[in-house]
Amino acid sequence: KDVQQVGRTKFGSTLGIGCVCAGTKVWTSNGRLVNIEDLKQEDGIIGYDGKKAVQQTINWFKEPAIKPCYRITTEGNNIIECSEDHPFISSSRATKSSFKGKKNILKGSYKEAKNLSVGDYLVVIDDVPVFGDVFQDNAYLTGLMLGDGYFKGSSLSVDDNNVKSYIESNYGTSIRKQFITKTGSTYTDLYIKGCKKDLFHESLIGLTRDKKRLPSNIHEYNKESLSLILAGIFDADGNVNVSTKGTRVVLTNISENLLKDVKYQLLKFGIHCSIYKENRNTKPSPGYEGQMDHIFRLYISKNLDVKKFKDNIPIKHSKKIESLSKFIHGNRDFGTANIVFKHTGECEDEKYLQHDELLENCKIQRIKSIEFIGNKEIYNLNVSDNHNYICGMFITGNTGGDMEKVGSSRRLFENPEIYQCLSFDDTFENTGKKIGMFIPAYLGNNDFKDERGITDIDEGLQWYEDNRRKLILNHG
(Lines give C-alpha, C1' and ligand atoms only; values in the text may rest on other atoms or scores of the structure.)
Protein backbone atom coordinates (compact mmCIF):
# COMPACT_ATOMS: atom_id res chain seq x y z
CA LYS A 1 0.00 0.00 0.00
CA ASP A 2 1.23 3.49 -0.73
CA VAL A 3 0.29 5.10 2.59
CA GLN A 4 -0.01 3.91 6.18
CA GLN A 5 -1.51 5.81 9.08
CA VAL A 6 -0.53 5.64 12.75
CA GLY A 7 -2.46 7.89 15.09
CA ARG A 8 -2.82 11.30 13.45
CA THR A 9 0.09 10.82 11.09
CA LYS A 10 0.18 9.40 7.56
CA PHE A 11 3.59 8.35 6.36
CA GLY A 12 5.74 6.14 4.19
CA SER A 13 5.36 3.79 1.26
CA THR A 14 5.32 0.03 1.78
CA LEU A 15 6.00 -2.94 -0.48
CA GLY A 16 3.26 -5.62 -0.38
CA ILE A 17 4.76 -9.09 -0.33
CA GLY A 18 1.99 -11.59 0.37
CA CYS A 19 3.12 -15.13 -0.27
CA VAL A 20 2.22 -18.84 -0.13
CA CYS A 21 3.49 -21.78 1.90
CA ALA A 22 5.67 -24.66 0.75
CA GLY A 23 3.69 -27.35 -1.05
CA THR A 24 1.43 -24.89 -2.87
CA LYS A 25 0.90 -26.08 -6.45
CA VAL A 26 1.55 -23.66 -9.33
CA TRP A 27 1.54 -24.17 -13.11
CA THR A 28 4.65 -23.61 -15.19
CA SER A 29 4.24 -22.07 -18.64
CA ASN A 30 4.35 -25.51 -20.29
CA GLY A 31 1.56 -26.89 -18.09
CA ARG A 32 3.67 -28.72 -15.53
CA LEU A 33 2.36 -28.68 -11.97
CA VAL A 34 5.07 -28.08 -9.34
CA ASN A 35 5.40 -27.07 -5.72
CA ILE A 36 6.21 -23.38 -5.49
CA GLU A 37 9.47 -24.10 -3.66
CA ASP A 38 10.63 -26.09 -6.72
CA LEU A 39 9.69 -23.41 -9.26
CA LYS A 40 12.53 -21.85 -11.29
CA GLN A 41 12.55 -18.48 -13.02
CA GLU A 42 13.01 -20.03 -16.45
CA ASP A 43 9.88 -22.18 -15.90
CA GLY A 44 7.52 -19.23 -16.26
CA ILE A 45 4.09 -19.41 -14.62
CA ILE A 46 0.39 -19.48 -15.58
CA GLY A 47 -1.68 -16.42 -14.63
CA TYR A 48 -5.06 -14.91 -15.51
CA ASP A 49 -5.82 -11.91 -17.73
CA GLY A 50 -9.50 -11.55 -16.84
CA LYS A 51 -10.56 -13.78 -19.74
CA LYS A 52 -8.42 -16.91 -19.64
CA ALA A 53 -5.33 -18.63 -18.26
CA VAL A 54 -2.16 -17.16 -19.82
CA GLN A 55 1.58 -17.85 -19.81
CA GLN A 56 3.68 -15.28 -17.94
CA THR A 57 7.32 -14.49 -17.24
CA ILE A 58 8.72 -14.60 -13.70
CA ASN A 59 10.64 -11.38 -13.00
CA TRP A 60 12.31 -12.36 -9.76
CA PHE A 61 12.07 -14.38 -6.53
CA LYS A 62 12.40 -13.14 -2.98
CA GLU A 63 14.24 -15.18 -0.37
CA PRO A 64 11.88 -17.36 1.73
CA ALA A 65 10.70 -15.63 4.90
CA ILE A 66 8.68 -16.44 8.03
CA LYS A 67 5.20 -14.92 8.30
CA PRO A 68 1.88 -15.46 10.11
CA CYS A 69 -0.14 -17.80 7.88
CA TYR A 70 -3.65 -19.13 7.34
CA ARG A 71 -5.12 -22.33 5.92
CA ILE A 72 -8.20 -21.60 3.79
CA THR A 73 -10.56 -24.44 2.82
CA THR A 74 -13.34 -24.05 0.26
CA GLU A 75 -16.52 -26.05 -0.38
CA GLY A 76 -14.79 -28.33 -2.87
CA ASN A 77 -12.33 -29.34 -0.13
CA ASN A 78 -9.67 -27.33 -1.91
CA ILE A 79 -7.02 -25.98 0.44
CA ILE A 80 -4.42 -23.24 0.21
CA GLU A 81 -1.98 -22.09 2.90
CA CYS A 82 -0.62 -18.57 2.62
CA SER A 83 0.59 -15.51 4.51
CA GLU A 84 -1.96 -13.19 6.09
CA ASP A 85 -1.36 -10.53 3.43
CA HIS A 86 -1.64 -12.77 0.37
CA PRO A 87 -4.24 -11.34 -2.06
CA PHE A 88 -7.07 -13.36 -3.64
CA ILE A 89 -9.80 -12.34 -6.06
CA SER A 90 -12.87 -12.74 -3.88
CA SER A 91 -16.53 -11.81 -3.62
CA SER A 92 -19.58 -12.37 -1.41
CA ARG A 93 -23.33 -12.69 -1.68
CA ALA A 94 -23.74 -9.23 -0.19
CA THR A 95 -22.19 -7.68 -3.32
CA LYS A 96 -24.93 -8.86 -5.70
CA SER A 97 -26.26 -6.09 -7.91
CA SER A 98 -27.12 -5.23 -11.50
CA PHE A 99 -24.46 -4.48 -14.09
CA LYS A 100 -25.11 -3.18 -17.60
CA GLY A 101 -28.67 -4.51 -17.56
CA LYS A 102 -27.75 -7.91 -16.10
CA LYS A 103 -29.06 -8.98 -12.69
CA ASN A 104 -27.41 -10.94 -9.86
CA ILE A 105 -23.88 -9.89 -10.76
CA LEU A 106 -21.28 -10.36 -8.02
CA LYS A 107 -18.61 -7.74 -7.41
CA GLY A 108 -15.11 -9.17 -7.24
CA SER A 109 -11.88 -7.57 -6.06
CA TYR A 110 -8.55 -8.43 -4.50
CA LYS A 111 -8.68 -9.05 -0.76
CA GLU A 112 -5.90 -10.13 1.61
CA ALA A 113 -6.25 -13.47 3.39
CA LYS A 114 -6.56 -11.85 6.83
CA ASN A 115 -9.61 -9.90 5.61
CA LEU A 116 -11.49 -12.90 4.24
CA SER A 117 -14.44 -14.45 6.10
CA VAL A 118 -16.13 -17.84 6.12
CA GLY A 119 -18.91 -17.66 3.54
CA ASP A 120 -16.97 -15.38 1.18
CA TYR A 121 -16.32 -16.64 -2.34
CA LEU A 122 -12.87 -17.20 -3.83
CA VAL A 123 -12.62 -16.91 -7.59
CA VAL A 124 -11.00 -19.92 -9.29
CA ILE A 125 -9.93 -20.51 -12.88
CA ASP A 126 -12.34 -22.54 -14.99
CA ASP A 127 -9.66 -24.36 -16.98
CA VAL A 128 -5.92 -24.44 -17.64
CA PRO A 129 -5.84 -25.77 -21.23
CA VAL A 130 -2.07 -26.09 -21.59
CA PHE A 131 -1.15 -29.45 -23.13
CA GLY A 132 2.06 -31.03 -24.36
CA ASP A 133 2.66 -32.16 -27.93
CA VAL A 134 3.61 -35.82 -27.43
CA PHE A 135 1.22 -38.66 -28.31
CA GLN A 136 1.64 -41.58 -25.88
CA ASP A 137 0.82 -44.92 -27.50
CA ASN A 138 0.06 -46.68 -24.22
CA ALA A 139 -1.82 -43.90 -22.45
CA TYR A 140 -5.08 -45.81 -21.99
CA LEU A 141 -3.34 -48.97 -20.73
CA THR A 142 -1.26 -46.84 -18.36
CA GLY A 143 -4.47 -45.43 -16.91
CA LEU A 144 -5.94 -48.92 -16.42
CA MET A 145 -2.75 -50.09 -14.69
CA LEU A 146 -2.76 -47.06 -12.39
CA GLY A 147 -6.35 -47.80 -11.48
CA ASP A 148 -6.43 -51.58 -11.10
CA GLY A 149 -3.08 -52.98 -12.18
CA TYR A 150 0.19 -54.11 -10.68
CA PHE A 151 3.25 -52.77 -12.52
CA LYS A 152 5.75 -55.01 -10.76
CA GLY A 153 3.75 -58.16 -11.51
CA SER A 154 2.60 -57.02 -14.97
CA SER A 155 -1.00 -57.88 -14.09
CA LEU A 156 -4.26 -56.06 -14.75
CA SER A 157 -7.78 -56.77 -13.47
CA VAL A 158 -10.73 -56.01 -15.78
CA ASP A 159 -14.47 -56.59 -15.37
CA ASP A 160 -15.79 -55.42 -18.74
CA ASN A 161 -15.70 -57.19 -22.11
CA ASN A 162 -15.17 -53.95 -24.07
CA VAL A 163 -12.08 -53.11 -22.05
CA LYS A 164 -10.83 -56.69 -22.19
CA SER A 165 -11.24 -56.85 -25.97
CA TYR A 166 -9.33 -53.59 -26.41
CA ILE A 167 -6.39 -54.85 -24.32
CA GLU A 168 -6.27 -58.26 -26.01
CA SER A 169 -6.42 -56.62 -29.46
CA ASN A 170 -3.51 -54.27 -28.80
CA TYR A 171 -1.19 -56.16 -26.44
CA GLY A 172 0.10 -59.62 -25.82
CA THR A 173 -1.84 -61.12 -22.90
CA SER A 174 -2.59 -64.32 -21.06
CA ILE A 175 -5.37 -65.04 -18.58
CA ARG A 176 -4.23 -65.77 -15.05
CA LYS A 177 -7.63 -66.06 -13.45
CA GLN A 178 -11.26 -65.61 -14.50
CA PHE A 179 -14.64 -65.93 -12.76
CA ILE A 180 -18.19 -64.54 -12.70
CA THR A 181 -18.88 -61.93 -10.00
CA LYS A 182 -22.05 -61.64 -7.89
CA THR A 183 -23.26 -58.86 -10.21
CA GLY A 184 -22.90 -61.11 -13.26
CA SER A 185 -19.76 -59.45 -14.65
CA THR A 186 -16.81 -61.48 -15.87
CA TYR A 187 -13.72 -60.71 -13.79
CA THR A 188 -10.43 -61.38 -15.55
CA ASP A 189 -6.89 -61.12 -14.23
CA LEU A 190 -4.66 -60.52 -17.26
CA TYR A 191 -0.90 -60.82 -17.59
CA ILE A 192 0.42 -58.03 -19.86
CA LYS A 193 3.50 -59.08 -21.80
CA GLY A 194 6.26 -56.50 -22.07
CA CYS A 195 5.21 -54.51 -19.01
CA LYS A 196 8.67 -54.61 -17.53
CA LYS A 197 10.37 -53.37 -20.68
CA ASP A 198 9.23 -50.22 -22.45
CA LEU A 199 5.44 -49.96 -22.22
CA PHE A 200 5.40 -47.48 -19.35
CA HIS A 201 7.34 -44.44 -18.18
CA GLU A 202 10.17 -45.26 -15.79
CA SER A 203 8.58 -43.19 -12.99
CA LEU A 204 5.77 -45.77 -12.72
CA ILE A 205 7.78 -48.97 -12.48
CA GLY A 206 7.79 -50.40 -8.96
CA LEU A 207 5.00 -48.19 -7.60
CA THR A 208 2.94 -49.86 -4.87
CA ARG A 209 -0.83 -49.43 -4.72
CA ASP A 210 -0.85 -46.64 -2.13
CA LYS A 211 2.08 -44.77 -3.78
CA LYS A 212 0.69 -44.57 -7.29
CA ARG A 213 0.91 -41.26 -9.16
CA LEU A 214 0.57 -40.06 -12.70
CA PRO A 215 3.80 -40.33 -14.73
CA SER A 216 6.28 -37.54 -14.09
CA ASN A 217 6.17 -36.54 -17.77
CA ILE A 218 2.38 -36.10 -17.83
CA HIS A 219 2.80 -32.45 -18.86
CA GLU A 220 4.28 -33.68 -22.16
CA TYR A 221 1.07 -35.56 -23.09
CA ASN A 222 -0.98 -34.00 -25.85
CA LYS A 223 -4.70 -33.49 -25.28
CA GLU A 224 -5.71 -36.84 -26.76
CA SER A 225 -3.16 -38.82 -24.74
CA LEU A 226 -4.12 -37.06 -21.51
CA SER A 227 -7.79 -37.81 -22.10
CA LEU A 228 -6.93 -41.49 -22.71
CA ILE A 229 -4.88 -42.00 -19.54
CA LEU A 230 -7.66 -40.38 -17.51
CA ALA A 231 -10.23 -42.60 -19.26
CA GLY A 232 -8.21 -45.68 -18.31
CA ILE A 233 -8.09 -44.66 -14.65
CA PHE A 234 -11.86 -44.05 -14.51
CA ASP A 235 -12.61 -47.28 -16.40
CA ALA A 236 -10.58 -49.19 -13.81
CA ASP A 237 -11.57 -47.50 -10.55
CA GLY A 238 -14.47 -45.19 -11.39
CA ASN A 239 -18.26 -45.30 -11.22
CA VAL A 240 -21.09 -43.33 -12.76
CA ASN A 241 -24.03 -42.84 -10.42
CA VAL A 242 -27.39 -41.70 -11.77
CA SER A 243 -30.15 -40.55 -9.41
CA THR A 244 -33.01 -38.07 -9.26
CA LYS A 245 -30.50 -35.48 -8.02
CA GLY A 246 -28.43 -35.82 -11.18
CA THR A 247 -25.44 -37.73 -12.51
CA ARG A 248 -22.20 -38.03 -10.57
CA VAL A 249 -18.84 -39.52 -11.56
CA VAL A 250 -16.80 -41.04 -8.71
CA LEU A 251 -13.20 -42.29 -8.64
CA THR A 252 -12.03 -44.42 -5.70
CA ASN A 253 -8.41 -45.25 -4.84
CA ILE A 254 -6.19 -45.76 -1.81
CA SER A 255 -3.58 -43.35 -3.21
CA GLU A 256 -4.49 -39.78 -2.34
CA ASN A 257 -1.60 -38.49 -4.45
CA LEU A 258 -2.96 -40.22 -7.54
CA LEU A 259 -6.38 -38.62 -7.05
CA LYS A 260 -4.78 -35.20 -6.55
CA ASP A 261 -2.80 -35.65 -9.77
CA VAL A 262 -6.00 -36.62 -11.60
CA LYS A 263 -7.85 -33.64 -10.13
CA TYR A 264 -5.40 -31.12 -11.57
CA GLN A 265 -5.18 -32.82 -14.97
CA LEU A 266 -8.99 -32.76 -15.18
CA LEU A 267 -8.74 -28.99 -14.70
CA LYS A 268 -7.01 -28.78 -18.09
CA PHE A 269 -10.37 -29.85 -19.57
CA GLY A 270 -12.35 -27.49 -17.33
CA ILE A 271 -13.58 -30.36 -15.13
CA HIS A 272 -13.77 -29.47 -11.44
CA CYS A 273 -13.96 -32.06 -8.69
CA SER A 274 -13.44 -32.62 -4.97
CA ILE A 275 -11.52 -35.24 -2.98
CA TYR A 276 -12.49 -36.67 0.41
CA LYS A 277 -11.01 -39.24 2.77
CA GLU A 278 -13.67 -41.78 3.79
CA ASN A 279 -13.80 -44.77 6.11
CA ARG A 280 -14.34 -48.18 4.52
CA ASN A 281 -17.85 -49.52 5.11
CA THR A 282 -17.02 -53.18 4.61
CA LYS A 283 -14.69 -55.67 6.24
CA PRO A 284 -11.60 -56.73 4.28
CA SER A 285 -12.09 -59.71 1.96
CA PRO A 286 -10.10 -62.90 2.66
CA GLY A 287 -6.51 -62.30 1.65
CA TYR A 288 -6.80 -58.52 2.12
CA GLU A 289 -6.56 -58.43 5.92
CA GLY A 290 -4.48 -55.53 7.19
CA GLN A 291 -5.53 -53.16 4.42
CA MET A 292 -6.08 -49.49 5.24
CA ASP A 293 -9.28 -48.62 7.10
CA HIS A 294 -9.89 -45.68 4.76
CA ILE A 295 -10.03 -44.83 1.09
CA PHE A 296 -10.03 -41.64 -0.97
CA ARG A 297 -12.80 -40.63 -3.35
CA LEU A 298 -12.85 -38.04 -6.08
CA TYR A 299 -16.30 -36.66 -6.95
CA ILE A 300 -17.36 -34.92 -10.17
CA SER A 301 -20.79 -33.67 -9.16
CA LYS A 302 -21.74 -30.42 -10.83
CA ASN A 303 -23.76 -30.58 -14.02
CA LEU A 304 -21.30 -28.67 -16.19
CA ASP A 305 -18.39 -30.76 -14.95
CA VAL A 306 -20.17 -34.07 -15.59
CA LYS A 307 -21.06 -32.90 -19.10
CA LYS A 308 -17.47 -31.86 -19.79
CA PHE A 309 -16.31 -35.27 -18.54
CA LYS A 310 -18.80 -36.97 -20.89
CA ASP A 311 -17.59 -34.85 -23.82
CA ASN A 312 -13.82 -35.04 -23.19
CA ILE A 313 -12.88 -38.29 -21.44
CA PRO A 314 -13.31 -41.28 -23.86
CA ILE A 315 -14.10 -44.11 -21.44
CA LYS A 316 -14.54 -47.60 -22.93
CA HIS A 317 -16.27 -49.43 -20.04
CA SER A 318 -19.69 -50.43 -21.43
CA LYS A 319 -21.70 -50.00 -18.24
CA LYS A 320 -20.18 -46.60 -17.51
CA ILE A 321 -20.82 -45.46 -21.07
CA GLU A 322 -24.44 -46.57 -20.70
CA SER A 323 -24.82 -44.69 -17.40
CA LEU A 324 -23.32 -41.51 -18.84
CA SER A 325 -25.67 -41.75 -21.81
CA LYS A 326 -28.51 -41.34 -19.31
CA PHE A 327 -26.99 -38.09 -18.06
CA ILE A 328 -29.54 -36.31 -15.89
CA HIS A 329 -29.26 -32.57 -15.47
CA GLY A 330 -29.86 -32.30 -11.73
CA ASN A 331 -29.78 -29.41 -9.29
CA ARG A 332 -25.98 -29.17 -9.00
CA ASP A 333 -25.25 -25.87 -10.70
CA PHE A 334 -23.69 -24.12 -7.69
CA GLY A 335 -20.31 -22.52 -8.28
CA THR A 336 -21.15 -20.68 -11.48
CA ALA A 337 -21.63 -16.91 -11.32
CA ASN A 338 -21.13 -13.67 -13.21
CA ILE A 339 -18.49 -11.48 -11.58
CA VAL A 340 -17.54 -7.90 -12.38
CA PHE A 341 -14.04 -6.91 -11.25
CA LYS A 342 -13.68 -3.73 -9.20
CA HIS A 343 -10.65 -1.68 -8.18
CA THR A 344 -10.80 -0.97 -4.44
CA GLY A 345 -7.25 0.10 -3.60
CA GLU A 346 -6.55 -2.90 -1.37
CA CYS A 347 -4.09 -4.49 -3.80
CA GLU A 348 -1.63 -2.48 -5.84
CA ASP A 349 -1.69 -5.00 -8.68
CA GLU A 350 -5.44 -4.73 -9.25
CA LYS A 351 -4.65 -2.17 -11.98
CA TYR A 352 -3.47 -4.98 -14.24
CA LEU A 353 -7.05 -6.29 -14.56
CA GLN A 354 -9.70 -4.11 -16.18
CA HIS A 355 -11.91 -2.16 -13.75
CA ASP A 356 -15.67 -2.62 -14.16
CA GLU A 357 -15.35 -5.55 -16.57
CA LEU A 358 -16.96 -8.99 -16.31
CA LEU A 359 -14.47 -11.74 -15.55
CA GLU A 360 -14.57 -14.67 -17.95
CA ASN A 361 -13.56 -18.33 -17.68
CA CYS A 362 -13.83 -18.47 -13.90
CA LYS A 363 -15.98 -19.96 -11.13
CA ILE A 364 -16.49 -19.34 -7.42
CA GLN A 365 -15.96 -21.52 -4.36
CA ARG A 366 -17.39 -20.65 -0.96
CA ILE A 367 -14.94 -20.55 1.95
CA LYS A 368 -15.81 -23.24 4.53
CA SER A 369 -13.09 -22.54 7.07
CA ILE A 370 -10.17 -20.22 7.81
CA GLU A 371 -7.58 -21.45 10.29
CA PHE A 372 -4.56 -19.61 11.65
CA ILE A 373 -1.61 -22.03 11.40
CA GLY A 374 1.12 -19.96 13.03
CA ASN A 375 4.32 -18.58 11.56
CA LYS A 376 5.38 -20.52 8.47
CA GLU A 377 8.07 -20.28 5.83
CA ILE A 378 6.62 -18.67 2.74
CA TYR A 379 7.70 -18.18 -0.87
CA ASN A 380 6.98 -15.21 -3.04
CA LEU A 381 7.76 -14.03 -6.53
CA ASN A 382 7.05 -11.24 -8.98
CA VAL A 383 5.53 -11.92 -12.39
CA SER A 384 5.04 -9.79 -15.49
CA ASP A 385 1.93 -8.98 -17.53
CA ASN A 386 -1.12 -9.44 -15.28
CA HIS A 387 0.81 -9.55 -11.98
CA ASN A 388 -1.10 -12.59 -10.70
CA TYR A 389 -0.76 -16.35 -10.90
CA ILE A 390 -2.83 -19.47 -10.34
CA CYS A 391 -2.22 -21.53 -7.20
CA GLY A 392 -3.74 -24.89 -8.05
CA MET A 393 -6.98 -23.29 -9.21
CA PHE A 394 -7.16 -20.16 -7.04
CA ILE A 395 -6.50 -16.85 -8.80
CA THR A 396 -4.12 -14.96 -6.53
CA GLY A 397 -2.42 -11.60 -6.74
CA ASN A 398 1.25 -10.91 -7.39
CA THR A 399 3.28 -11.67 -4.28
CA GLY A 400 6.61 -9.95 -4.74
CA GLY A 401 5.68 -6.31 -4.90
CA ASP A 402 6.59 -3.97 -7.72
CA MET A 403 10.28 -3.78 -8.59
CA GLU A 404 9.67 -0.52 -10.46
CA LYS A 405 8.77 1.13 -7.18
CA VAL A 406 11.81 -0.36 -5.50
CA GLY A 407 13.93 0.96 -8.35
CA SER A 408 12.36 4.42 -8.02
CA SER A 409 13.11 4.48 -4.30
CA ARG A 410 16.71 3.57 -4.97
CA ARG A 411 17.10 6.29 -7.61
CA LEU A 412 15.63 8.84 -5.20
CA PHE A 413 17.96 7.70 -2.39
CA GLU A 414 21.06 7.84 -4.63
CA ASN A 415 20.12 11.12 -6.35
CA PRO A 416 18.19 13.22 -3.78
CA GLU A 417 19.13 16.62 -5.25
CA ILE A 418 17.63 15.73 -8.66
CA TYR A 419 14.32 15.20 -6.88
CA GLN A 420 14.79 18.38 -4.78
CA CYS A 421 15.09 16.36 -1.57
CA LEU A 422 17.37 16.98 1.40
CA SER A 423 20.78 15.40 0.78
CA PHE A 424 23.59 14.20 3.03
CA ASP A 425 27.24 13.25 2.58
CA ASP A 426 27.68 9.52 1.98
CA THR A 427 29.47 8.49 5.20
CA PHE A 428 28.49 4.83 4.76
CA GLU A 429 30.39 3.90 1.59
CA ASN A 430 32.38 7.16 1.32
CA THR A 431 31.63 7.58 -2.39
CA GLY A 432 31.98 11.34 -2.17
CA LYS A 433 28.40 11.71 -3.42
CA LYS A 434 25.27 13.05 -1.77
CA ILE A 435 22.64 10.52 -0.70
CA GLY A 436 19.22 10.54 0.91
CA MET A 437 18.26 9.35 4.37
CA PHE A 438 15.50 7.03 5.56
CA ILE A 439 13.66 8.16 8.69
CA PRO A 440 12.36 5.54 11.19
CA ALA A 441 8.55 5.52 11.50
CA TYR A 442 8.57 6.67 15.12
CA LEU A 443 10.53 9.82 14.18
CA GLY A 444 7.84 10.79 11.70
CA ASN A 445 4.93 10.13 14.05
CA ASN A 446 3.59 13.40 15.56
CA ASP A 447 2.01 11.49 18.46
CA PHE A 448 5.46 11.22 20.07
CA LYS A 449 6.61 14.81 19.48
CA ASP A 450 6.48 17.57 22.10
CA GLU A 451 5.47 21.18 21.45
CA ARG A 452 8.96 21.88 20.08
CA GLY A 453 8.66 19.01 17.56
CA ILE A 454 11.22 16.84 19.36
CA THR A 455 10.46 13.10 19.36
CA ASP A 456 10.40 11.13 22.59
CA ILE A 457 12.40 8.21 21.17
CA ASP A 458 11.87 5.91 24.15
CA GLU A 459 8.09 6.38 24.06
CA GLY A 460 7.96 5.91 20.29
CA LEU A 461 10.05 2.75 20.31
CA GLN A 462 8.03 1.34 23.21
CA TRP A 463 4.74 1.96 21.38
CA TYR A 464 5.91 0.13 18.26
CA GLU A 465 7.31 -2.79 20.29
CA ASP A 466 4.05 -3.09 22.28
CA ASN A 467 2.03 -2.97 19.07
CA ARG A 468 4.12 -5.76 17.52
CA ARG A 469 3.60 -7.91 20.62
CA LYS A 470 -0.17 -7.39 20.42
CA LEU A 471 -0.19 -8.51 16.80
CA ILE A 472 1.78 -11.65 17.66
CA LEU A 473 -0.53 -12.46 20.59
CA ASN A 474 -3.64 -11.95 18.48
CA HIS A 475 -2.32 -14.41 15.92
CA GLY A 476 -1.33 -16.87 18.60
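- E371 and R71 are joined by a salt bridge, as a carboxylate oxygen and a charged side-chain nitrogen come within less than 4.0 angstrom of each other.
- Remark: the backbone N or O of I435 is not paired with any side-chain donor or acceptor of S423 at under 3.5 angstrom.
- In this structure a side-chain-to-backbone donor-acceptor pair under 3.5 Å is present from Q56 to N388.
- Using a 4.0 Å cut-off between charged nitrogen and carboxylate oxygen, D356 and K342 count as a salt-bridge pair.
- With hydrogens and angles ignored, the 3.5 Å screen pairs a side-chain donor or acceptor of K268 with a backbone N or O of V130.
- The closest side-chain heavy-atom distance from F448 to Y464 is below 4.5 Å.
- Pairing each heavy atom of L228 with each of P314, the nearest pair is CD2-CG, 3.9 Å.
- In this pair, Y352 and H387 present their aromatic rings parallel. The plane angle is below 30°, not in the 30 to 60° band.
- Environment of NZ in K25: crowded, with over 12 heavy atoms of neighbouring residues, nucleotides or ligands closer than 6.0 Å.
- Residues K433 and D425 are not paired through a salt bridge, judged by the lack of any N-O separation under 4.0 Å between the basic side chain and the carboxylate.
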Before you tell me yes or no, could you show the steps for L358 and K102 under side chain to side chain contact (heavy atoms under 4.5 Å, CB included), namely the whole-Å CA-CA distance, both residues' side-chain angles and the distance that decides it to 0.1 Å? CA-CA 11 Å; L358 284 172; K102 296 182 178 180; 3.9 Å; yes

Passes ring-ring contact (aromatic ring centres under 6.0 Å, His included), F234 versus F309? Steps please. CA-CA 11 Å; F234 277 91; F309 180 90; 4.8 Å; yes

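- The environment of CG in D133 is sparse: at most 12 heavy-atom neighbours from other residues, nucleotides or ligands sit within 6.0 Å.
- A donor-acceptor pair under 3.5 Å is formed between the side chain of T142 and the backbone N or O of N138.
- For the pair D126 and K308, the salt-bridge criterion is met [side-chain N within less than 4.0 Å of a carboxylate O].
- For the atom pair CG of N104 and CG of N338, the computed distance is 9.0 Å after rounding to the nearest 0.5 Å.
- Between I46 and T28, the shortest heavy-atom distance links the atoms CG1-O, 3.4 Å.
- In this structure, R366 does not pair ionically with D120, as no charged nitrogen and carboxylate oxygen lie closer than 4.0 Å.
- A salt bridge between K114 and E112 is present, with a side-chain N of the basic residue lying under 4.0 Å from a carboxylate O of the acidic one.
- What you find for L267 and G392 is that their closest heavy atoms are CD2-O, 3.6 Å.
- With hydrogens and angles disregarded, a donor-acceptor distance shorter than 3.5 Å links the side chain of E350 to the backbone of T344.
- The distance from the CG atom of L116 to the CG atom of L122 is 6.0 Å, given to the nearest 0.5 Å.
- Taking CD1 of I58 as the start and OG of S29 as the end, the distance is 7.0 Å to the nearest 0.5 Å.
- Taking the side chain as every heavy atom from C-beta outward, T24 and N35 never approach each other to under 4.5 Å.
- Across all their heavy atoms, K363 and G270 have their closest contact at NZ-O, 4.4 Å.
- Ring-plane geometry between W27 and Y264 is classed as perpendicular, the angle between the planes exceeding 60 degrees on a 0 to 90 degree scale with a lower cut at 30.
- Remark: K449 NZ is packed, more than 12 non-hydrogen atoms of other residues, nucleotides or ligands lying under 6.0 Å away.
- Between the side chain of Q265 and the backbone N or O of L230 there is no donor-acceptor pair closer than 3.5 Å.
- A donor-acceptor pair under 3.5 Å is absent between the side-chain atoms of T252 and the main chain of D237, judged by distance alone.
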Run the ring-ring contact (aromatic ring centres under 6.0 Å, His included) test on Y389 and F394 for me, step by step, so that the C-alpha distance in whole Å, both residues' side-chain angles and the decisive distance to 0.1 Å come before the verdict. CA-CA 8 Å; Y389 60 94; F394 299 106; over 10 Å; no

Is there a side chain to side chain contact (heavy atoms under 4.5 Å, CB included) between F296 and E256 once you walk through the steps? CA-CA 6 Å; F296 296 94; E256 183 181 17; 3.7 Å; yes

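- Using a 3.5 Å distance cut-off with no hydrogens or angles, the side chains of Q462 and D466 do pair a donor with an acceptor.
- Taking all atoms of both residues into account, the shortest heavy-atom contact from V123 to I364 is CG2-CG2, 4.4 Å.
- Note: I300 CD1 to S274 OG = 9.5 Å, rounded to the nearest 0.5 Å.
- A donor-acceptor pair shorter than 3.5 Å can be found between the side chains of T396 and H86.
- The shortest distance between side-chain heavy atoms of V134 and Q136 falls below 4.5 Å.
- For the residue pair Q365 and T74, a side-chain donor N or O sits within less than 3.5 Å of a side-chain acceptor on the partner.
- The structure places CD1 of I271 at 5.0 Å from CG of L266, a figure rounded to the nearest 0.5 Å.
- Under a cut-off of 6.0 angstrom, the local environment of NZ in K260 is sparse, with at most 12 non-hydrogen atoms contributed by other residues, nucleotides or ligands.
- Among the candidates Y110, F99, Y48, the single residue satisfying the ring-ring contact (aromatic ring centres under 6.0 Å, His included) test with F341 is Y110.
- D450 and R452 are joined by a salt bridge, as a carboxylate oxygen and a charged side-chain nitrogen come within less than 4.0 angstrom of each other.
- For the residue pair K52 and I125, the shortest heavy atom distance occurs at C-CD1, 4.4 Å.
- A side-chain donor-acceptor contact under 3.5 Å links D426 and T431.
- In this model, a donor atom of one side chain and an acceptor atom of the other lie less than 3.5 Å apart for D127 and N361.
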Between L146 and L204, is a side chain to side chain contact (heavy atoms under 4.5 Å, CB included) present by the stated rule, with each step listed? CA-CA 9 Å; L146 283 168; L204 301 178; 4.1 Å; yes

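- With 3.5 Å as the limit, one finds no donor-acceptor pair spanning the side chains of K62 and N382.
- Proximity of L226 to F131: side-chain heavy atoms (C-beta onward) are separated by under 4.5 Å at one or more points.
- Within a 6.0 Å radius of CD in E202, other residues, nucleotides and ligands contribute 12 heavy atoms or fewer.
- Side-chain N/O atoms of D49 and N386 include no donor and acceptor closer than 3.5 Å.
- Residues N257 and S255 bring no donor and acceptor atom of their side chains to less than 3.5 Å of each other.
- Between I105 and I339, every side-chain heavy-atom pair lies at or beyond the 4.5 Å cut-off.
- Defined by atom type and a distance below 3.5 Å, a donor-acceptor pair is missing between the side-chain atoms of S301 and R248.
- Contact check for I378 versus P64: no side-chain heavy atoms found under the 4.5 Å cut-off.
- At a cut-off of 3.5 Å, with distance as the only test, no side-chain donor of E84 or N115 sits close to an acceptor on the other residue.
- Using a 4.5 Å heavy-atom cutoff, the side chains of L298 and C273 are in contact.
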Kindly determine whether I66 and K376 satisfy side chain to side chain contact (heavy atoms under 4.5 Å, CB included), including the steps that lead there. CA-CA 5 Å; I66 303 296; K376 300 283 185 180; over 6 Å; no

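- Q41 contributes a side-chain N or O that, together with a main-chain N or O of N59, makes up a donor-acceptor pair within less than 3.5 Å.
- A distance of 4.0 Å separates CD of E360 from NZ of K51, quoted to the nearest 0.5 Å.
- Within the 4.5 Å cutoff, the side chain of I89 has heavy atoms near those of the L359 side chain.
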